[in-house]
Amino acid sequence: LIKGVNKMFEEKILKNIILKNAKIIDINKVVFDKNLSFESDLGMDSIGLVEMIVEIEKKFEFEFDYDNLSNVINTYGALKKYVEENCKED
């Protein structure tokens with residue numbers, strides 16, 4: 001995904017971006033499984049979701065398909081899969 005960076009480190013970057021935008025108090029208890037909901041589990045509102053997406057776009061150097069965004073930003077699993085499929089190394 002990010003040129004010259006291994007996949008495990010990329011996943012850590014993605015998780016850090018997500019946690020930075022979370023609205024929960026104890027981020028140490030977050031379990032990143034595919035069903036982790038940004039809204040119900042992490043308390044993100046629409047502004048937090050947009051800020052997260054913008055930061056991911058900048059870090060991974062690609063743009064989201066905003067027409068299909070609601071299907072991408074509902075869970076960690078869906079977001080991770082979308083980033084992996086749409087962010088290709090040069």
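The salt bridge (charged side-chain N to carboxylate O under 4.0 Å, His left out) search around K20 returns E55, not counting sequence neighbours. In this view, E57 and Y66 satisfy the side chain to side chain donor-acceptor pair (under 3.5 Å) rule, not counting sequence neighbours. For K29, the salt bridge (charged side-chain N to carboxylate O under 4.0 Å, His left out) partners at least two apart in sequence or on another chain are D26.
The structure places CG of L36 at 11.0 Å from CG of N74, a figure rounded to the nearest 0.5 Å. The line from CG of L14 to CE of M52 is 8.0 Å long, rounded to the nearest 0.5 Å. Taking CG of N21 as the reference point, atom CD1 of I47 lies at 11.5 Å (rounded to 0.5 Å).
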Got a list of side-chain donor-acceptor pairs under 3.5 Å for residues 75-82, not counting sequence neighbours?
{"residue": "T75", "atom": "OG1", "partner": "K34", "partner atom": "O", "Å": "3.4"}
{"residue": "T75", "atom": "OG1", "partner": "A78", "partner atom": "N", "Å": "3.2"}
{"residue": "Y76", "atom": "OH", "partner": "E11", "partner atom": "OE2", "Å": "3.1"}
{"residue": "K80", "atom": "NZ", "partner": "E84", "partner atom": "OE2", "Å": "3.3"}
{"residue": "Y82", "atom": "OH", "partner": "D65", "partner atom": "N", "Å": "2.9"}

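The other members of the hydrophobic cluster of V50, by chain and number, are V54 (side-chain heavy atoms under 4.5 Å, ILVMFWY only).
Listed by first then second residue, pairs satisfying side-chain hydrogen bond (donor to acceptor under 3.5 Å, both in side chains) with a partner in residues 40-54 read S37-S40, not counting sequence neighbours.
Between F64 and N86 the shortest side-chain heavy-atom distance does not fall below 4.5 Å. Side-chain contact between K15 and V30 is absent, with no heavy atoms from C-beta onward closer than 4.5 Å.
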